[in-house]
Amino acid sequence: MHPDLYLTVHQQNERELARQLELRRAAQDCPGCIVRARRHLAELAVRVRTRLAGTGPAAAPACCPA
């Protein structure tokens, strides 16, 4: 690979990684973030699917080992 092309690809990769890090930090700081909302919606959809399919956990998780 040509050195200039390699440098360009590497710089683009670094910019993308930095942008992803910025977005993750912003999502953690913002309670109403769309990324967090999508994640919760996906978790809710999984719970609804398992409940409708009847494949939920066999027993409710215990709050204490006793």
Side-chain angles (χ1 to χ4, degrees):
M1 183 182 289
H2 192 273
D4 290 338
L5 181 60
Y6 177 79
L7 181 61
T8 303
V9 170
H10 181 71
Q11 288 173 340
Q12 179 65 29
N13 188 28
E14 289 294 320
R15 284 192 296 268
E16 289 175 6
L17 291 174
R19 180 68 180 144
Q20 287 177 2
L21 183 60
E22 289 174 14
L23 289 173
R24 285 186 185 142
R25 286 181 180 163
Q28 289 174 351
D29 294 340
C30 178
C33 180
I34 188 70
V35 173
R36 192 172 282 176
R38 281 184 179 174
R39 189 177 306 136
H40 289 299
L41 184 60
E43 290 171 1
L44 177 64
V46 168
R47 282 186 273 156
V48 168
R49 282 188 203 116
T50 57
R51 192 170 282 173
L52 290 175
T55 58
C63 61
C64 61

Exceeds 12 heavy-atom contacts within 6.0 angstrom, atom CZ of Arg15: yes
Salt bridge (Lys or Arg N to Asp or Glu O under 4.0 Å) evaluation trace for Glu16 with Arg19: CA-CA 5 Å; Glu16 289 175 6; Arg19 180 68 180 144; over 6 Å; no
Side chain proximity check, Arg47 to Leu44, heavy atoms < 4.5 angstrom: yes
